[in-house]
Amino acid sequence: MPNYSAPLRDMHFVLHELLDVESAYKALPAYKDLDAETINQVLEEAGKFASEVIAPLNQVGDRDGCTRNDDGSVTTPAGFAEAYRLYAEAGWPSLACDPAHGGQGLPLMLNTALYEMLNSANQAWAMYPGLSHGAYECLHEHGTPEQQRTYLEKLVSGAWLGTMCLTEPHCGTDLGLIRTKAQPLADGTYAISGTKIFISSGEHDIGENIVHLVLARLPDAPKGTKGISLFVVPKFQPDAQGEPGVRNAVTCGSIETKMGIHGNATCTMNFDGAIGTLVGEPHRGLAAMFIMMNSARLGVGMQSVGLTEVAYQNSVTYARDRLQMRSLKGAKAPQLEADPIIVHPDVRRMLLTQRAWAEGARAFTYWVAQLIDTELHHPDESVRKESADLVELLTPIVKAFITDNAFASTNEGLQVYGGHGYIAGWGMEQFVRDARINMIYEGTNTIQSLDLLGRKVLGDMGARLRKLGKIIKDFIEEEGVRKPMTEFIDPLAELAKTFEKLTMEIGMKAMMNRDEAGAVAVPYLRIAGHLVYAYLFARMARIALSRKESGDTFYEAKLATARFYFAKLLPETASQIAAVRSGSSTLMALDAALF
């Protein structure tokens, strides 16, 4: 069975040395009293819960899955409900929620770190509370006062859990095609009818109630996405005391039989005149739902950070213990019948690839969480706007780049194990299967790439991108004069220059032929992801260089990982740049009938 220990030392490094959160958050009135001791205590306790309570359930959930009962109820794997009870009792659902609704009022940054650990330990389990936080954020921003009174305190306490119900059998990403109907009733509520598929945590036995956020159409709705409204539809209608009352007409028709995340109930949900209330304005449902969707996209990124980390940890343990052949340079462990495989160069390549993707992703996601906290809580409107623009630009990169890398990392982990990696008992093949969905749901990675290039870059003529570019260029100018940083600054500067030029080339081509953007969006996002990682690894290397005389081997390892990233992973950008410049012609030349 795989093991997991929270990587607290690297978390501390990112939060305290790279992002300097204690000083940075003093500029945010809501968090001005937050100190490093509090942060570290939260991380330590979260790590204990993840490794001791839910990690042991990961293989149980994968093996046993969820069960739909004859009455349409769902039983989660053994131990899942009890683990959630302990989670709620400890106050974890309320960590980053508004104190006005019973929350602890801590920053999203800490919630992000919490979810990295939960996802490392048990991604399928972590999806139950994860979606609930997104439902909380949506209703906190767009819910009516009555909806907030009814639902927020329950979601914050963890007594009730949430879902997002978007996809239908005939449409996935193209939400303009949804057919679920919302019929107005005399009392101001709505009867919701339709079928939603692939609904994570759609039905379960974990909480007292399930709060479904459902996209549907009113009778007078215009076609397309401009005719979508959002409704809150509880499993049990709240009674006069705000407790679960009459069972609503929403049921689980089936549980999907799927490749991974077996411990999460991925359901087909049938709404047969279920009673719901409108969230936000009619026909403006996507605007409200995008809060939950963007939260989910960042959450999927965290799922992949978690899987990358746990796969790496177990790969290293195995590589240290597994004996196979001798080192090419001669025996490294002559007292043993063979050397541990960690001495072999290609095993080290696989391990360092996993390590670099994990450390880069952690730095990236924590930085984005810090930007979100700044966007929501900084007293200066211009700073909030600057942070919001960066978050919008970086969100699709978080979702796509990190999930692509996680799938590659878990596959590298399987390869480290060799034949044992293919065997279920070791746990590595589960990480591969679980990681694969992250590239698909909450908008496939192609959709994220189109969003980045089409909406976030070309859509505003590069305004958001220039803000990121300025941050990187300022760093290059500051550090470029320091000789020890040359090995990091020179390739970063070259990539930044090339990326700026490449973006202009794409923009010009897309004006003449819109297929150009569609053809190059995926490699373009890969390059953008590397630009961000190169910037962050250069920053981390600067810190490590300044601490290398401290005698702490952590900095030695950090510097070695940064050097590996620049030498072995960043060169991927050369092939991706060539792919972008090749355009759309070879993709679109073959007639569809000839495929």
Side-chain angles (χ1 to χ4, degrees), residues 28-31 93-112 115 129-158 160-166 175 182 190 210-216 225-226 228-234 238 276-300 302 368-379 381 383-395 398-399 442-443 451 455:
L28 311 181
Y31 307 128
S94 67
L95 189 70
C97 295
D98 189 343
H101 302 288
Q104 298 181 49
L106 289 168
L108 178 69
M109 170 270 297
L110 268 178
N111 207 56
T112 298
Y115 271 88
L131 286 167
S132 299
H133 192 80
Y136 155 81
E137 290 179 329
C138 181
L139 292 174
H140 186 268
E141 181 70 21
H142 289 283
T144 66
E146 182 178 356
Q147 287 170 335
Q148 292 180 350
R149 286 192 299 270
T150 302
Y151 296 107
L152 287 187
E153 186 174 334
K154 297 291 189 180
L155 288 168
V156 168
S157 70
W160 295 3
L161 291 91
T163 74
M164 54 190 297
C165 299
L166 288 70
L175 295 175
Y190 298 81
I210 303 174
V211 181
H212 301 288
L213 289 178
V214 185
L215 292 180
T225 57
K226 294 182 179 179
I228 298 175
S229 299
L230 179 63
F231 301 86
V232 57
V233 183
T277 55
L278 180 68
V279 180
E281 300 177 24
H283 316 315
R284 297 290 303 278
L286 277 184
M289 182 57 93
F290 258 114
I291 289 180
M292 192 171 186
M293 291 168 67
N294 283 329
S295 174
R297 287 169 179 173
L298 294 169
V300 172
M302 293 315 304
V368 172
Q370 184 182 42
L371 288 169
I372 295 173
D373 284 328
T374 304
E375 171 193 352
L376 295 176
H377 298 287
H378 200 282
E381 182 179 356
V383 175
R384 293 198 303 272
K385 177 64 166 61
E386 188 90 0
S387 298
D389 285 344
L390 286 169
V391 170
E392 286 190 10
L393 177 73
L394 296 172
T395 294
V398 166
K399 198 281 182 184
E442 306 312 334
D451 179 48
R455 294 181 181 174

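Treat the numbers as computed from the prediction; the structure is a model and nothing was measured.
The CG atom of Leu298 sits 7.5 Å away from the OG1 atom of Thr112 when rounded to the nearest 0.5 Å. Note that OG1 of Thr374 and CD of Glu386 are 11.0 Å apart. Values are rounded to the nearest 0.5 Å. Taking CE from Met302 and CG from Asn111, the interatomic distance works out to 10.0 Å, rounded to the nearest 0.5 Å. Distance check, rounded to the nearest 0.5 Å: OG1 of Thr150 to CG of Leu155 gives 10.5 Å. Note that SG of Cys165 and CG of Leu213 are 8.0 Å apart. Values are rounded to the nearest 0.5 Å. In this structure, CG on Asn294 lies 10.0 Å from CD on Glu137, to the nearest 0.5 angstrom.
The backbone N or O of Met109 lies less than 3.5 Å from a partner atom in the side chain of Asp373, making a donor-acceptor pair. Side-chain atoms of Tyr136 never come within 3.5 Å of backbone atoms of Gly162 as a donor-acceptor pair (strictly under, hydrogens ignored). At least one donor-acceptor pair closer than 3.5 Å links the side chain of Gln148 to the backbone N or O of Leu139. Side chain of Lys399 to backbone of Gly443: a donor-acceptor contact under 3.5 angstrom is found. For the pair Ser295 (side chain) and Ile291 (backbone), a donor-acceptor distance under 3.5 Å is absent.
Heavy atoms of other residues, nucleotides or ligands lying less than 6.0 angstrom from CZ of Arg284 number 12 at most. Around CD of Gln147, the count of heavy atoms belonging to other residues, nucleotides or ligands within 6.0 Å exceeds 12.
The two residues Tyr115 and Gly130 have their closest heavy-atom pair at OH-N, 3.3 Å. The minimum heavy-atom distance linking His378 with Arg384 is given by the pair O-NH1, 2.8 Å. The shortest non-hydrogen separation linking Cys138 to Ala288 is SG-O, 3.4 Å. When all heavy atoms are compared, the tightest approach of Tyr31 to Gly105 is CE2-O, 3.1 Å. The two residues Val368 and Val391 come nearest to each other via the heavy atoms O-CG2, 4.3 Å. The minimum heavy-atom distance between Ala96 and Pro107, with the atom names listed, is CB-O, 3.8 Å.
Considering only heavy atoms from C-beta on, Met292 comes within 4.5 Å of Met289 through its side chain. Annotation: side chain of Arg297 is not in contact with side chain of Val398 (no heavy-atom distance under 4.5 Å). At a threshold of 4.5 Å between non-hydrogen side-chain atoms, the residues Leu376 and Leu28 do not count as touching. A 4.5 Å side-chain heavy-atom check between His101 and Ser94 finds every atom pair outside the cut-off. Residues Leu393 and Asp389 are not in side-chain contact: their nearest non-hydrogen atoms beyond the backbone lie 4.5 Å or more apart. Residues Leu230 and His142 fail the side-chain proximity criterion, which asks for heavy atoms closer than 4.5 Å.
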Q.
Pair Leu161, Leu131 - check side-chain contact (heavy atoms from CB on, under 4.5 Å), show working.
A. CA-CA 8 Å; Leu161 291 91; Leu131 286 167; over 6 Å; no
Practice prompt. With side-chain contact (heavy atoms from CB on, under 4.5 Å) as the test, would you mind laying out the steps for Cys97 and His133 before giving the verdict?
Written response: CA-CA 8 Å; Cys97 295; His133 192 80; 3.8 Å; yes
TODO: Tell me, with the steps shown, if Glu392 and Glu375 meet side-chain contact (heavy atoms from CB on, under 4.5 Å).
DONE: CA-CA 11 Å; Glu392 286 190 10; Glu375 171 193 352; over 6 Å; no
